[in-house]
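For reference, the structure discussed in these notes is given below.
Computed from heavy atoms alone, side chains included, the values below leave out hydrogens, waters and symmetry copies.
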Amino acid sequence: MPIVTFLPSGKTVEVEFGTLLFDAARKAGLPVASSCSADHVCGRCNMQIAQGKENLSNPTLEETKLLQRDKNPISDRISCMTRVEGDCSVTTRYW
């Protein structure tokens, strides 16, 4: 099962293949910014990928549009739209 590491805390969680990055962070007990309750609308739950971007689901057009709308780097990922498919390390601007 994939392991997600959250920086800078170093907290890790083991998740099922295909778990949303949003849910992995919540499982680790970390806050995730969101005003839409993970309904893919607000884009506030974006995370920066430190390692393992190849182990995440491919970004959808909808996700790319949210990142661009909010002027976030295209390398960020919207956590409520990103599925974990292997080990990765992530962070946010507010942890």
Side-chain angles (χ1 to χ4, degrees):
M1 291 200 322
I3 295 174
V4 182
T5 303
F6 299 94
L7 305 173
S9 72
K11 287 186 178 184
T12 62
V13 292
E14 189 174 58
V15 297
E16 296 284 333
F17 181 92
T19 297
L20 289 171
L21 198 49
F22 183 95
D23 293 334
R26 300 291 296 266
K27 181 178 178 180
L30 295 169
V32 181
S34 174
S35 64
C36 71
S37 301
D39 284 335
H40 318 300
V41 178
C42 74
R44 293 184 179 165
C45 65
N46 69 302
M47 295 184 182
Q48 297 82 46
I49 310 307
Q51 292 181 331
K53 66 180 177 182
E54 69 280 1
N55 294 328
L56 301 171
S57 59
N58 291 324
T60 63
L61 181 59
E62 181 183 14
E63 180 181 2
T64 302
K65 285 181 180 181
L66 275 176
L67 289 168
Q68 291 173 336
R69 180 196 73 191
D70 296 335
K71 296 180 177 58
N72 288 312
I74 201 70
S75 58
D76 282 10
R77 298 299 305 270
I78 304 295
S79 68
C80 71
M81 301 175 83
T82 304
R83 297 200 176 273
V84 178
E85 298 176 347
D87 295 352
C88 63
S89 299
V90 301
T91 191
T92 67
R93 291 173 180 84
Y94 51 85
W95 285 338

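Contacts classified as side chain to side chain donor-acceptor pair (under 3.5 Å) and involving residues 86-95 (residues at least two apart or in different chains) are given here: D76-R93.
Taking 4.5 Å as the limit, every side-chain heavy atom of E85 sits out of range of all side-chain heavy atoms of P2. Counting heavy atoms from C-beta on, the side chains of L56 and I49 come closer than 4.5 Å. Between C80 and I78, the closest side-chain pair of non-hydrogen atoms falls below 4.5 Å. Residues T12 and V4 form no side-chain contact, since every pair of their non-hydrogen atoms from C-beta on lies 4.5 Å or further apart. Counting heavy atoms from C-beta on, the side chains of M81 and L21 never come closer than 4.5 Å. For the pair V15/M1, no side-chain contact is recorded, criterion being any heavy-atom separation below 4.5 Å from C-beta on.
At most 12 non-hydrogen atoms from other residues, nucleotides or ligands lie less than 6.0 angstrom from NZ of K65.
Using modelled atom types, no side-chain atom of K11 and backbone atom of A25 make a donor-acceptor pair closer than 3.5 Å. Side-chain N or O atoms of R69 include one that pairs as donor or acceptor with a backbone N or O of C42 at under 3.5 Å. Of the possible polar contacts, none joining the R44 side chain to the S34 backbone as a donor-acceptor pair under 3.5 Å is found. Side-chain atoms of S79 do not come within 3.5 Å of backbone N or O of M47 as any donor-acceptor pair.
At a threshold of 4.5 Å between side-chain heavy atoms, the hydrophobic network of Ile, Leu, Val, Met, Phe, Trp and Tyr places L7 and V90 in two separate groups. Taking hydrophobic clusters as Ile, Leu, Val, Met, Phe, Trp and Tyr residues chained together by side-chain heavy-atom distances below 4.5 Å, I3 does not share a cluster with V13. Transitive grouping of hydrophobic side chains (ILVMFWY, heavy atoms separated by less than 4.5 Å) brings V84 and V32 into a common cluster.
Between atom CZ of residue F6 and atom NZ of residue K27 there is a gap of 10.0 Å, rounded to the nearest 0.5 Å. To the nearest 0.5 angstrom, N58 atom CG is 9.5 Å from E63 atom CD. The distance from the CZ atom of F17 to the OG atom of S57 is 9.0 Å, given to the nearest 0.5 Å. Separating the CG atom in L67 from the CG atom in N72 is a distance of 5.5 Å, to the nearest 0.5 Å.
Residues satisfying the side chain to side chain donor-acceptor pair (under 3.5 Å) criterion with E16, sequence neighbours excluded, are absent altogether.
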From CA spacing to verdict: side chain to side chain contact (heavy atoms under 4.5 Å, CB included), K53, S75: CA-CA 9 Å; K53 66 180 177 182; S75 58; over 6 Å; no
